[in-house]
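The block underneath contains the structure these notes are about, expressed in structure tokens.
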Amino acid sequence: MQNIPPPATRSVSLRVNGKPAQLEVAPWVSLLDALRHDLDLTGTKKGCDHGQCGACTVICDGERILSCLTLAVMKDGSEITTIEGLGQPGNLHPLQEAFLEHDAYQCGYCTSGQICSGVAMIEAGHGKTREEVKDLMSGNLCRCGANTNIIDAIMAVKDGNHE
Amino acid sequence: MTKNKEIGRARRRIEGELKVTGQAKYAAEYNVPDLLHGYIVNATIVKGKIESIDEAATRAVPGVVDIIHHENRPKMAYFDMQYSDMDAPPGSPFRPLYDAEIKFHGQPIALVVAKTFEAARYAASLLKITYTEEEFDVNLKTNLDRAKKPSMGLATLIKPLPPGPRGDFDAAYATATAKFEGEFHHGAQHHNPMEMFASTTVYEGEGKLTIYDKTQGTNNSQLFIGNIFGLKMGNVRVIAPYVGGGFGSGLRPQHQLVLSVLAALCLKRNVRVSMDRSQMFTYGHRPETIQHTRFGATADGELTAVNHVAHSETSRYEDYNEVVVNHAGMLYPAQNVTLDYKLVPLDVSTPMDMRAPGGVTGMVAVENTMDQVADRLGMDPLEFRLKNYAERDHSSDKPFSSKELRECYRQGAESFGWKDRRPTGQPEKRGNRIVGRGMSSGLWDVIALPGKATAEFNAEGKLVVSSAVNDCGQGAYTVFSQIAADQLGLPLESVKFVYGDSELPLSPIQGGSYTTGVVGSAVKLACLALRNKLFKLAQILDGFPLGDALPQDVDFMDGEIIVKKDPTIRVKLTDVVAFNQGKPVKASKSNIPNVFKLKQYTRAAHAASFVEVEIDEQLGIVNVTRAVTAVAAGAIMNPKTARSQILGGMVWGISLATREESLLDKKMGKYVNDDLGEYHLPVHADIHDLEVIFVEEHDEIINALGAKGIGEIGMISMAPAIINAVYNATGKLVTALPLKVGDLL
Ligand code: FES
Ligand code: FES
């Protein structure tokens, strides 16, 4: 059996959570694995690796994307925001705060994706009604069944009546 | 006793900030140095033997470090007992990579270890395996004649087999005025927690391991690994503070745990093994079950005859059993009852507990049958249940330790507006949709087990409570902190709960809704013992400040011991610690259930769900538009997280009734929808107006907290209520779950 040559790595420059990040990655590395492993930003979750659950949602150049369906090399030059960039303990984003208030999570594993997805949806001005928000958030599964609390939290921030 | 300030108070989760900021770490997120990645190779046949493994192409992939399978694995234990775990049913547990035999489709047969995850995954796809295939059978329906009684074992202690017959069912059924005979079916279901199974094993040197595992029991994983690999228990440390959902899937150690440890021991390196989503369909599942019911009632609505029989699948190597048929005889006082529960061994992996195991399965058949009988009597379904309300458990002839189901019915019906329900066949119309309303009762047995906790008060004025227990999102950490705070009259901020580590005081696996009752009671007892110790030390402080005050003469409040009669006499708890030479004052306590006392009662949580559905008449699509679940589960520790637990259960009920099923192709012997695109879970757009009511219930019997637990009860009454609501709208009884669009056309 002949040895298969290793895939050549490529340089990728990103801005992640406002800071430059330089990666040397093989083309087959997903943005999700690059974030979680190479950059140790494990706040972004892997729930399926197939674009079917939304746990890996990050905000890329203002849009919510599934980082598991994105190769890191595709995003050279992009601006990425992950859950770690939205807020930290003691300095929370309003939607993170609303998730606490509305108990919009249980195990916490879909939570990063829900919050990134919700933030990008609100910032894009989408989702006029509760029904629309439910539709627009339906790419983010929650197996714990925190659905109603998640939508409550998003509505509270959208309508501006969060503390 | 100091009054409770924290127990019963709505509190945010203590680990909340970590979860919403992505700081809480799960098993696959410990990026330890020099980490190797293992990828599991699964059998592509259902039954037979591995003949050969051709490694050449796999080894040729750059970065591949090793390939481990049954031919080259290190030594593993020989006896079945050594592979047992806290949730193992009777039988001979599956041993990953042990030998060439294939017992079920997707069985792990090799592990490819590489420097990167991508290389391991790619190389795993190149492993060439040849098999000799044997004939297999995974068909429950065609094998009912092979059904057998489940074997008895440790697991049957907390999952009792059905009680023997009472009265004369045949005679009562023959003479009943209104009767219904039904057959109910659901296929297998998989837990599919959002986090996929993963273990990161850190090789600490000669036979010493630290394992970050996805599990519902750190001690369970520790014992399992220690036994299989002959390691000293003290050398195996399992850490699992955050778990991305369990629902029962983590009650038994999963394949990736054994495989990551195997590789770490072989290579003396740090190894992570993560499953992919399709591999999440290669271990336990809720078993496919077929049920038969025959219920009969007299003309005035007295339920006299109950017959409930269930057949469930199990594997060929273990007898997984659950309590499916026992509950009708507990819920209703019918005097003529026969129950039966049998297993059919098939070529599948052993089923596993999945949220409300057995309980929800059985309740669907019982409560859908109840509505059919009510329908034939021309009686309102709620009235029929009230007419047959059991004040006592007739199946075991014992009193209930407490039972506020009547209040669940009353408060649930009122909040829902049950009186607006229309008779079946005359549905209200909303545009092109028709509306149906249905209800159901629910019941879940309270399980008592021993658990342990340690409490210490330190010089910083903090109460540190610890237990090896972990939390998959139930809210246990917060609840335990609240319980602890109240015992010493401290604010919640002064309590630190330490958890999710096998080195801490032993905890059982967390499941079956018993964790609050078991570990929470241990926390309470440990804190009370600590309180006692602190008091005794305070008594002998210089100058004897407490005088001749007895324990009952003082309050513990905000870090001080205060004499009730003269509140100017106070001793700071930190002064007691100082007196103890600055060393924390510490107490450990086990919660040992008083089996003798408990045995005299039937102990169960109850619930009632009321559901409204809208059905598109042309498309047959069912939408659960509104539901109320009223729960009587004893004391509620934290209404905020408890409500979430019940909401989660309600969503699971909606899913069971209308969405999820693992489709087992009987010819291929495999689940064909093994991903989240094809395994349907409800999305946000499917979930509408859900309301939770906690009915007041006091129970002095069940445990030190009077808490029955709420993990399962929220799910149990939902699915049958949905099916009853669909019947109310359409006059069609759906008997195979999940209901499909075609059922109603
Ligand atoms: S991990 Fe990307 S959608 Fe599931
Ligand atoms: S909080 Fe557990 S999956 Fe959503």
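Labels below follow one simple rule: chain letters A, B, ... track the order of the sequence lines, proteins then strands, and each chain is numbered from 1.
- Chosen from Leu690(B), Thr641(B), Leu35(B), the residue pairing most often with chain A at heavy-atom distances under 4.5 Å is Thr641(B).
- Gln114(A) and His684(B) are linked by a side-chain donor-acceptor pair at a separation below 3.5 angstrom, with hydrogens and angles left out of the test.
- Both the backbone and the side chain of Asp675(B) come within contact range of chain A, with heavy atoms under 4.5 Å apart.
- In this structure, the portions of His688(B) lying under 4.5 Å from any heavy atom of chain A include both its backbone and its side chain.
- In Arg430(B), the CZ atom is crowded: over 12 heavy atoms of neighbouring residues, nucleotides or ligands sit closer than 6.0 Å.
- When each of His37(B), Glu15(B), Met275(B) is scored by its heavy-atom pairs under 4.5 Å with chain A, the top score falls to His37(B).
- For residues 650-659 of chain B, heavy-atom neighbours of chain A at less than 4.5 Å comprise Val651(B), Trp652(B), Ser655(B), sorted by residue number.
- Residue contact with chain A, scored on non-hydrogen atoms closer than 4.5 Å, is absent for Arg11(B).
- Side-chain contact check for Gln88(A) versus Glu17(B): every heavy-atom pair is 4.5 Å or farther apart.
- Contact tally against chain A (heavy-atom pairs below 4.5 Å) for Met196(B), Arg277(B), Arg355(B): the top residue is Met196(B).
- The shortest heavy-atom contact between Gly16(B) and Leu100(A) is C-CD2, 3.4 Å.
- Between chain A and the residues Ala119(B), Ser274(B), Ser278(B), Gly246(B), the largest count of heavy-atom pairs under 4.5 Å involves Ala119(B).
- Shortest non-hydrogen contact noted between Cys107(A) and Gly244(B) is SG-C, 3.5 Å.
- Residues Asp103(A) and Arg12(B) form no side-chain contact, since every pair of their non-hydrogen atoms from C-beta on lies 4.5 Å or further apart.
- Contact check for Asp33(A) versus Glu118(B): side-chain heavy atoms found under the 4.5 Å cut-off.
- Closest of all the heavy-atom pairs between Lys19(B) and Gly108(A) is CD-CA, 4.0 Å.
- With a threshold of 4.5 angstrom between heavy atoms, Gln96(A) approaches chain B through its backbone and through its side chain.
- Residues Asn149(A) and Arg643(B) bring a donor and an acceptor atom of their side chains to less than 3.5 Å of each other.
- Remark: Arg13(B) qualifies as a cation-pi partner of Tyr105(A) under the 6.0 Å distance and 45° angle criteria applied to the six-membered ring.
- By number of non-hydrogen pairs under 4.5 angstrom with chain B, the leading residue of Glu131(A), Arg36(A), Glu84(A) is Arg36(A).
- Contact annotation for Glu195(B): both backbone and side-chain heavy atoms come within less than 4.5 Å of a heavy atom of chain A.
- Of residues 45-58 of chain A, those residues with a non-hydrogen atom less than 4.5 Å from any non-hydrogen atom of chain B are, in numerical order, Lys45(A), Lys46(A), Gly47(A), Cys48(A), Asp49(A), Gln52(A), Cys53(A).
- The parts of Ser138(A) that come within reach of chain B are both its backbone and its side chain, each placing non-hydrogen atoms under 4.5 angstrom from that chain.
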Stepwise side chain to side chain contact (heavy atoms under 4.5 Å, CB included) test for Glu29(B) and His37(A): CA-CA 8 Å; Glu29(B) 298 175 352; His37(A) 196 258; over 6 Å; no
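- Within 6.0 Å of CD in Glu63(A) there are 12 or fewer heavy atoms belonging to other residues, nucleotides or ligands.
- Heavy atoms of Leu92(A) lying under 4.5 Å from chain B belong exclusively to its side chain.
- A salt bridge links Glu660(B) to Arg143(A): one of the charged nitrogens lies within less than 4.0 Å of a carboxylate oxygen.
- The CZ atom of Phe99(A) lies 13.0 Å from the OG1 atom of Thr21(B); values are rounded to the nearest 0.5 Å.
- Among the candidates Thr42(A), Asp40(A), Val133(A), Thr44(A), the residue making the largest number of heavy-atom pairs closer than 4.5 Å to chain B is Thr42(A).
- Residue contact with chain B, scored on non-hydrogen atoms closer than 4.5 Å, is absent for Leu95(A).
- Residue Ala28(B) touches chain A through both its backbone and its side chain, counting heavy-atom pairs closer than 4.5 Å.
- Side-chain N or O atoms of Gln23(B) include none that pairs as donor or acceptor with a backbone N or O of Gly43(A) at under 3.5 Å.
- Between the side chain of Lys640(B) and the main chain of Glu101(A), a donor-acceptor pair closer than 3.5 Å is present.
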Verdict with reasoning, Tyr109(A) to Tyr242(B), per side chain to side chain contact (heavy atoms under 4.5 Å, CB included): CA-CA 9 Å; Tyr109(A) 203 78; Tyr242(B) 305 109; over 6 Å; no
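- Of all the heavy atoms in Asp135(A) and Ala685(B), the pair that sits closest is OD1-CB, 3.3 Å.
- Heavy-atom distances place the side chain of Tyr679(B), and not its backbone, under 4.5 Å from chain A.
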